[in-house]
Student: 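Please find one structure pasted underneath; my questions will follow.
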Amino acid sequence: QVQLVESGGGLVQAGGSLRLSCAPSIRTFTNYAMGWFRQAPGKVREFIAGINYSGDNTYYADSVKGRFTISRDNAKNTVFLQMNSLKPEDTAVYYCAADRGFRWIVQQSTTPAYWGQGTQVTVSS
């Protein structure tokens, strides 16, 4: 069974930074595109950022462009989300996701094959 474990969430003041990590237990990690999603209370889960299997193509939601950066280290079997200039409206549970191909990321699909359990990010004013 594929499992994805997120870490790095926490409490930060507005304007600060956090880096989330996702360590998937996927033997063929380089065959998967990876994505980050978030869900705030009372809202639907939304796509934030995605990266293809080799790391040379990325895609971002308009709400985080210029502030968040997704990257991956295939040698360490890990994907990251660097979050800078955080705002209170970024407060949400952040989820790591994985699936093959890249179309699901371009289309901002909320139905990837595998999900992590989520990590809470809280940005205070």
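Note that this is a predicted model, so its numbers are computed, not measured.
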Student: Flag the pair V44 / T110 as yes when at least one side-chain heavy-atom distance between them is below 4.5 Å, and no otherwise.
Tutor: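 With C-beta onward as the side chain, the pair stays apart.
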
Student: Are the side chains of R67 and M83 in contact, using a 4.5 Å heavy-atom criterion?
Tutor: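 When only atoms from C-beta onward are counted, R67 and M83 do not touch, as no gap falls below 4.5 Å.
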
Student: Look only at the side chain of N52 and the backbone of G55, and say whether a donor-acceptor pair between them is shorter than 3.5 Å.
Tutor: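 Checked: pair present.
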
Student: For residues T111 and W104, determine if any side-chain heavy atom of one lies less than 4.5 Å from a side-chain heavy atom of the other.
Tutor: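 Side-chain contact under 4.5 Å: no.
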
Student: Could you check whether any side-chain N or O of N77 sits under 3.5 Å from a backbone N or O of P24, counting only pairs where one atom can act as donor and the other as acceptor?
Tutor: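 Yes, N77 side chain to P24 backbone: donor-acceptor pair under 3.5 Å.
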
Student: I need the T119 OG1 to L81 CG distance, nearest 0.5 Å.
Tutor: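 T119 OG1 to L81 CG: 11.0 Å, rounded to 0.5 Å.
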
Student: Side chains of Y59 and Q108: closer than 4.5 Å at any heavy-atom pair?
Tutor: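 When only atoms from C-beta onward are counted, Q108 and Y59 do touch, with a gap below 4.5 Å.
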
Student: Within this structure, what is the CE-CZ distance for the pair M34 and F80, rounded to the nearest 0.5 Å?
Tutor: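 M34 atom CE to F80 atom CZ measures 11.0 Å (nearest 0.5 Å).
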
Student: Can you tell me if T58 uses its side chain to pair, donor with acceptor, with the backbone of I51 under 3.5 Å?
Tutor: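 Such a contact is absent between T58 side chain and I51 backbone.
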
Student: What distance do F47 atom CZ and W36 atom CH2 have between them, rounded to the nearest 0.5 Å?
Tutor: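 The CZ atom of F47 sits 12.5 Å away from the CH2 atom of W36.
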
Student: Partners of Q120 by side-chain hydrogen bond (donor to acceptor under 3.5 Å, both in side chains), sequence neighbours excluded?
Tutor: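 side-chain hydrogen bond (donor to acceptor under 3.5 Å, both in side chains) list for Q120, sorted by chain: T122.
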
Student: Side-chain donor-acceptor pairs under 3.5 Å in residues 92-102, sequence neighbours left out?
Tutor:
unit_1: Y94; atom_1: OH; unit_2: R38; atom_2: NH1; d: 2.9
unit_1: Y94; atom_1: OH; unit_2: D90; atom_2: O; d: 2.7
unit_1: D99; atom_1: OD2; unit_2: A113; atom_2: N; d: 3.0

Student: Would you indicate whether Q13, at its atom CD, is surrounded by more than 12 heavy atoms from other residues, nucleotides or ligands within a distance under 6.0 Å?
Tutor: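 No, because the 6.0 Å sphere around CD of Q13 holds 12 heavy atoms or fewer from other groups.
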
Student: Which disulfide bond (SG atoms under 2.5 Å apart) pairs, counting each pair once, include a residue from residues 42-95, with sequence neighbours left out?
Tutor: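 Listed once each, the pairs would be none.
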
Student: Run the side chain to side chain contact (heavy atoms under 4.5 Å, CB included) test against D62 and tell me which residues pass, sequence neighbours left out.
Tutor: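 Testing D62 for side chain to side chain contact (heavy atoms under 4.5 Å, CB included), a comparison that skips the adjacent residues, returns K65.
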
Student: Would you mind reporting whether S63 and E89 have side-chain heavy atoms less than 4.5 Å apart?
Tutor: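 Answer no - side chains too far apart.
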
Student: May I have all residue pairs that pass salt bridge (Lys or Arg N to Asp or Glu O under 4.0 Å) and include part of residues 71-82, sequence neighbours excluded?
Tutor: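 Not a single pair qualifies under salt bridge (Lys or Arg N to Asp or Glu O under 4.0 Å).
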
Student: Q82: what forms a side-chain hydrogen bond (donor to acceptor under 3.5 Å, both in side chains) with it, not counting sequence neighbours?
Tutor: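 Checked Q82 against side-chain hydrogen bond (donor to acceptor under 3.5 Å, both in side chains); matches are N84.
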
